[in-house]
Amino acid sequence: MTTIAIMYDFDKTLCTKDMQEYGFIPSLNMSPAEFWQNVQMQTKEHNMDSCLSYMYYMVKCANEKGMPITRSQLTSQGKDIELFPGVEDWFTRINAYGWKRGIQIEHYIISSGLKEIIEGSPIAHEFERIYAGEFHYNEDGHADWPAMAVNYTNKTQFMFRINKGALELWDDAINEQVDESDRRIPFTNMIYLGDGMTDVPCMSLVKRYGGHSIAVYQKKKDVCKKLIDQNRINYYAPADYRANHQLETILFNLIDKVALDDKLAEITLAQRKKDAR
């Protein structure tokens with residue numbers, strides 16, 4: 001059965017704001033604006049990767065407050081995430097439509113946020129893999145070092161993992177030469193959903209290789225218009241995942257397109273076999 005991989009950013013794509021702003025930052029008695037401003041200052045001052053910088057600052061602030069970060073603490077904050085309308089039953093609807101068209105749908109997260117928080121969200125079970133930042137925890141169970149940081153550029157490695165079927169981080173098969181015909185999910189069967197400029201590397205890559213990229217927005221669509229004018233995305237739509245809304249219509253049509261392409265490929269193959277006799 002043909003498989004389509006739908007890959008999602010998380011913050012401001014599936015949920016309404018950065019995931020740290022629901023529970024973690026308020027626990028520091030700090031405003032989101034203050035937290036992110038301090039992260040930005042630290043990033044520039046020390047010439048740091050922005051994702052490593054925010055993870056370091058989380059650990060620093062939590063330790064200074066005398067409440068070290070634990071995995072269970074972060075996971076419990078996932079339940080406070082506010083998802084966009086329709087997200088919770090989106091996956092059931094998309095999967096069902098795919099099966100009706102003879103297509104298997106797989107969902108993946110590729111996020112610069114935190115895996116622990118996403119794992120505590122009500123939709124965590126919907127994903128084949130969650131690729132996101134993650135902490136290392138010391139013998140006391142306290143976060144002390146980033147085990148994984150996913151920045152805006154290295155997000156693209158996970159698309160190749162999905163493409164080649166090398167899903168585990170330790171699997172070096174991602175570096176092997178694999179013929180296009182032998183890759184588990186071709187880029188033409190990939191769809192990426194993100195919310196803006198930080199997703200451009202992924203959006204551009206999947207589009208360049210024949211897949212489809214979709215930008216979602218909450219109120220202002222200026223960034224989306226810019227991305228489509230620059231030919232970096234295929235489509236944009238409001239971040240409304242409810243049935244019969246624009247985003248669902250786009251996804252259904254893309255599933256139809258893949259199903260039709262498969263049928264046409266079968267016709268071509270059958271004709272070649274016939275001609276070879």
With a 4.5 Å cut-off on side-chain heavy atoms, are [Y] and [X] touching?
X    : Y    : answer
K115 : M148 : no
R129 : I162 : no
Y108 : M159 : no
N175 : F160 : no
Q246 : P238 : yes
I118 : S111 : yes
K226 : Q230 : yes

Go through the structure and list residues passing salt bridge (Lys or Arg N to Asp or Glu O under 4.0 Å) with D89, not counting sequence neighbours. R93
Those residues that, when tested against D256, pass salt bridge (Lys or Arg N to Asp or Glu O under 4.0 Å) (two or more places apart): R101
Identify, with sequence neighbours excluded, every residue that meets side chain to side chain donor-acceptor pair (under 3.5 Å) alongside [X].
X    : answer
D18  : none
K257 : D261
Y241 : none

Supply the members, apart from W145, of the Ile/Leu/Val/Met/Phe/Trp/Tyr cluster built from side-chain contacts under 4.5 Å; use none for a lone residue. none
Which other residues belong to the hydrophobic cluster containing V178, where Ile, Leu, Val, Met, Phe, Trp and Tyr are joined when side-chain heavy atoms lie under 4.5 Å apart, directly or via other members?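 Other cluster members: none.
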Could you give all pairs that pass the ring-ring contact (aromatic ring centres under 6.0 Å, His included) test and reach residues 204-227, with sequence neighbours left out? F187-Y209
Residue pairs involving residues 47-62 (criterion side chain to side chain donor-acceptor pair (under 3.5 Å); sequence neighbours excluded):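 Passing the test, one end in residues 47-62: N38-Y57, Q42-S53, T43-S53, D49-N151, K60-E64.
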Name all pairs fulfilling the side chain to side chain donor-acceptor pair (under 3.5 Å) condition that reach into residues 74-83, sequence neighbours left out, sorted by first residue then second. T16-E82
Tell me, please, which residues at least two apart from Y192 pass ring pair (Phe, Tyr, Trp, His ring centres under 6.0 Å).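 None.
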Mind checking what makes side-chain contact (heavy atoms from CB on, under 4.5 Å) contact with K225, not counting sequence neighbours? K221, Y236
Is D199 salt-bridged to K155, going by a charged N under 4.0 Å from an acidic O?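 Yes, D199 and K155 are salt-bridged.
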Answer yes when K220 and D222 have at least one side-chain N-carboxylate O distance shorter than 4.0 Å, and no when they do not. no
State yes or no: do L193 and M203 share one hydrophobic cluster built from I, L, V, M, F, W and Y residues joined by side-chain heavy-atom distances below 4.5 Å, directly or via other members?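 In one cluster: no.
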Measure up the F252 and Y97 rings against each other and bin them: parallel (under 30°), tilted (30 to 60°), perpendicular (over 60°). parallel
